A.B. asks: 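Following this message is one structure expressed as structure tokens.
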Amino acid sequence: MTKAKTPADAKTPDQAKTPARAETPARAKTPARSEAPAGAEAPDRAETPGRAATPARAKPPTKAKPSAKAKPPANAKPPAATKPPTPVLDTRTLNRATLHRQLLLHRSPLPAGAAISHLLGLQAQNVKPPYYALAARLDGFAPEELSRMMAERQAVRIVTLRSTIHAHTADDALTLRPLVQAARDRELGAFRKGLVGVDLDRLAVLARELVEAEPRTMKELREALLVEWPDADPQALAIAARCKLPLVQVTPRGLWGRSGQVALTTAEHWLGRPAEPAPAPDATVLRYLAAFGPASVKDMQTWAGLTRLREAFERLRPQLVTFHDPNGVELFDLPDAPRPAADTPAPPRFLPEFDNLLLSHADRTRVVPAEYWGRAWQGNVAHRTLLVDGFLAGVWKLDEGNGHLVVEPFGKLTRAQRSEVVAEGALMLDTLHKGTSYDIRFGTVVGP
């Protein structure tokens, strides 16, 4: 079991024993939104006073003949109804909605496969992040569950969104990969100087034959392709193969507690079925909103690494609802999707590096406070992140050699928040490192 030492108030790194979880503070009442002042009518124009004239003798009024009621033209349109103003969602409301969709407001009872499908994949640049991502989101998760899915080829690691490796279900690997193929084709443009004279269609055919004959490392693939194009840049050849083909990393790479070099084959060969045709983006827009909404067009384009998704959103507009963010940006959402109140409690969460929560919106202020922008990165290194009250609040690392979980908050935490962070850290360790003793301490993670 995880040992946790009570955190001290000293500035030096201190050890903490896991205390009992502090009671959740009572929910604060959300202040009522003030109504916009109604427009005042313009005052009547005052007549210019002049010299009074002698009044003429008044004549008795004549009776006006009743006039027939004017009829509107036959082709006249009825007056248009006044369109209500688009509701504005403040940052905390957006935060709580996104956390709920991301299964981070409350742990979900979903099995791992259903959760990965709902989230449209998990960042998997390294081996462990998908496991930490699910440990933060699922009730009763065990790492062996995801590892078994990988071993049984129900889930795979493949380059998809934003040209990065994701863990996807087998079904999504065969559909989402074709959806983002246009982005992979654009990526090739950055390597065109090293691919002069290379027939990319022939390269795709040859690379497929090589990796389907047996899984190949990137080094082996480069060397084999250089035989055909000796004047090309070796790295560009391997990147071209990765962009043209849906290459998955075969096991034991990606299994929990196992190690193995990166070896590649095609998704179709590994899964034993052909890839699906590239789908229209409309269905993926709906899935994205279910997992990351409310969101703008640019938000989804950031998540997918795609462009020109406006048309899909416009086709779907009649079945969606719209809002504005605090900056006036239009946000789309599913009508029945959860949008919890801004004062809904959000417990601490330990997230892995590259978690999609922090990478899937053009405007990340719904999770990342402006004053902490860039704090989770150091050069090309991404740190594991800590959420407190739903927002990025620090980074953490697991020192397995010395048995320490080190947490570095960016700002001052209350005593109750520190206690909750320690309790959440203990739960995470017990989920992923059961039977191993760790101290939980507050200290320095990001070096100078």
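The structure presented is a predicted model; accordingly, all values stated were derived computationally and were not measured.
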A.B. asks: Would you say that more than 12 heavy atoms from the other residues, nucleotides or ligands in this model lie under 6.0 Å from the CD of Glu330, or not?
C.D. replies: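 Yes, the 6.0 Å shell around CD holds more than 12 heavy atoms from other groups.
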
A.B. asks: Salt bridge between Glu268 and Arg273, side-chain N to carboxylate O under 4.0 Å?
C.D. replies: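 So Glu268 does not pair with Arg273 through a salt bridge.
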
A.B. asks: Arg287: which residues meet the salt bridge (charged side-chain N to carboxylate O under 4.0 Å, His left out) condition with it, sequence neighbours left out?
C.D. replies: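 Only Asp172 meet the salt bridge (charged side-chain N to carboxylate O under 4.0 Å, His left out) criterion with Arg287.
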
A.B. asks: Which one of Leu316, Leu309, Val297 satisfies the side-chain contact (heavy atoms from CB on, under 4.5 Å) criterion with Val285?
C.D. replies: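 Between Val285 and the candidates, side-chain contact (heavy atoms from CB on, under 4.5 Å) is satisfied uniquely by Leu316.
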
A.B. asks: Would you find a donor on one side and an acceptor on the other, under 3.5 Å apart, between the side chain of Gln125 and the backbone of Ile165?
C.D. replies: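 Looks like yes, one N/O pair under 3.5 Å.
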
A.B. asks: Applying side-chain contact (heavy atoms from CB on, under 4.5 Å), run through Leu427 and Phe350 and close with a yes or a no.
C.D. replies: CA-CA 10 Å; Leu427 178 58; Phe350 286 79; over 6 Å; no

A.B. asks: Salt bridge (charged side-chain N to carboxylate O under 4.0 Å, His left out): which pairs involve residues 356-376, sequence neighbours left out?
C.D. replies: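 Pairs touching residues 356-376 that pass the test: Asp299-Arg366.
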
A.B. asks: Is the shortest distance from a Lys or Arg side-chain nitrogen in Arg148 or Glu144 to a carboxylate oxygen in the other one below 4.0 Å?
C.D. replies: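 No, no charged N to carboxylate O under 4.0 Å.
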
A.B. asks: Heavy atoms only: give me the nearest Leu200-Ala240 pair and the separation to one decimal.
C.D. replies: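 Scanning both residues completely, I find the closest heavy atoms to be CD2-CB, 4.2 Å.
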
A.B. asks: Considering all heavy atoms of both residues, which atom of Leu255 and which atom of Ser147 are nearest to each other, and what is their separation?
C.D. replies: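 Of all heavy-atom pairs spanning Leu255 and Ser147, the closest is CD2-O, 3.4 Å.
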
A.B. asks: Per the ring pair (Phe, Tyr, Trp, His ring centres under 6.0 Å) rule, what does the pair list look like for residues 95-118, sequence neighbours excluded?
C.D. replies: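 Listed once each, the pairs would be none.
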
A.B. asks: Taking all heavy atoms of Pro352 and all of Tyr132, pick out the closest pair and write down the distance.
C.D. replies: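 Pro352 and Tyr132 have their closest heavy atoms at CB-CB, 3.9 Å.
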
A.B. asks: When you measure from the side chain of Glu408 to the backbone N and O of Gly394, does any donor-acceptor pair fall under 3.5 Å?
C.D. replies: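 No.
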
A.B. asks: If we ignore hydrogens and angles and just use 3.5 Å, is the side chain of Thr175 paired with the main-chain N or O of Asp171 as donor and acceptor?
C.D. replies: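 Yes, Thr175 side chain to Asp171 backbone: donor-acceptor pair under 3.5 Å.
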
A.B. asks: Rounded to the nearest 0.5 Å, how far apart are CZ of Arg349 and CG of Leu103?
C.D. replies: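 Reported value, rounded in 0.5 Å steps: 10.0 Å.
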
A.B. asks: When you measure from the side chain of Gln102 to the backbone N and O of Ala291, does any donor-acceptor pair fall under 3.5 Å?
C.D. replies: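 A pair under 3.5 Å: yes.
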
A.B. asks: Would you say Trp396's side chain and Thr385's backbone share a donor-acceptor pair under 3.5 angstrom?
C.D. replies: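 Yes, the answer is positive, given that a donor and an acceptor are paired below the 3.5 Å cut-off.
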
A.B. asks: For residues Phe292 and Ala295, report the shortest heavy-atom separation together with the two atoms involved.
C.D. replies: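 In this case the closest contact between Phe292 and Ala295 is O-CB, 4.3 Å.
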
A.B. asks: To the nearest 0.5 Å, how far apart are CG in Leu392 and OH in Tyr372?
C.D. replies: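 So the gap between those two atoms works out to 8.5 Å.
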
A.B. asks: A quick test of your reading: do over 12 heavy atoms of other residues, nucleotides or ligands sit less than 6.0 Å from CZ of Arg317?
C.D. replies: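 Count over threshold, so yes.
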
A.B. asks: In this structure, is the centre-to-centre distance between the rings of Trp377 and Phe354 below 6.0 Å?
C.D. replies: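 When the ring centroids of Phe354 and Trp377 are compared, they turn out to be within the sub-6.0 Å range.
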
A.B. asks: Do side-chain atoms of Thr365 reach the backbone of Val368 as a donor and acceptor pair under 3.5 angstrom?
C.D. replies: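 No; judged by distance alone, with no hydrogens or angles, the pair does not exist.
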
A.B. asks: Given the rule in the side-chain contact (heavy atoms from CB on, under 4.5 Å) test, do Arg162 and Asn356 qualify, once you have shown the distances and angles that lead to the verdict?
C.D. replies: CA-CA 11 Å; Arg162 305 182 300 278; Asn356 275 339; 2.6 Å; yes

A.B. asks: For Ser296 versus Leu331, what's the shortest heavy-atom pair and its separation?
C.D. replies: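 So the minimum-distance heavy-atom pair works out to N-CD2, 3.7 Å.
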
A.B. asks: Thr322 and Thr86: which non-hydrogen atoms are nearest, and at how many Å?
C.D. replies: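 Heavy atoms of Thr322 and Thr86 come nearest at O-CG2, 3.7 Å.
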
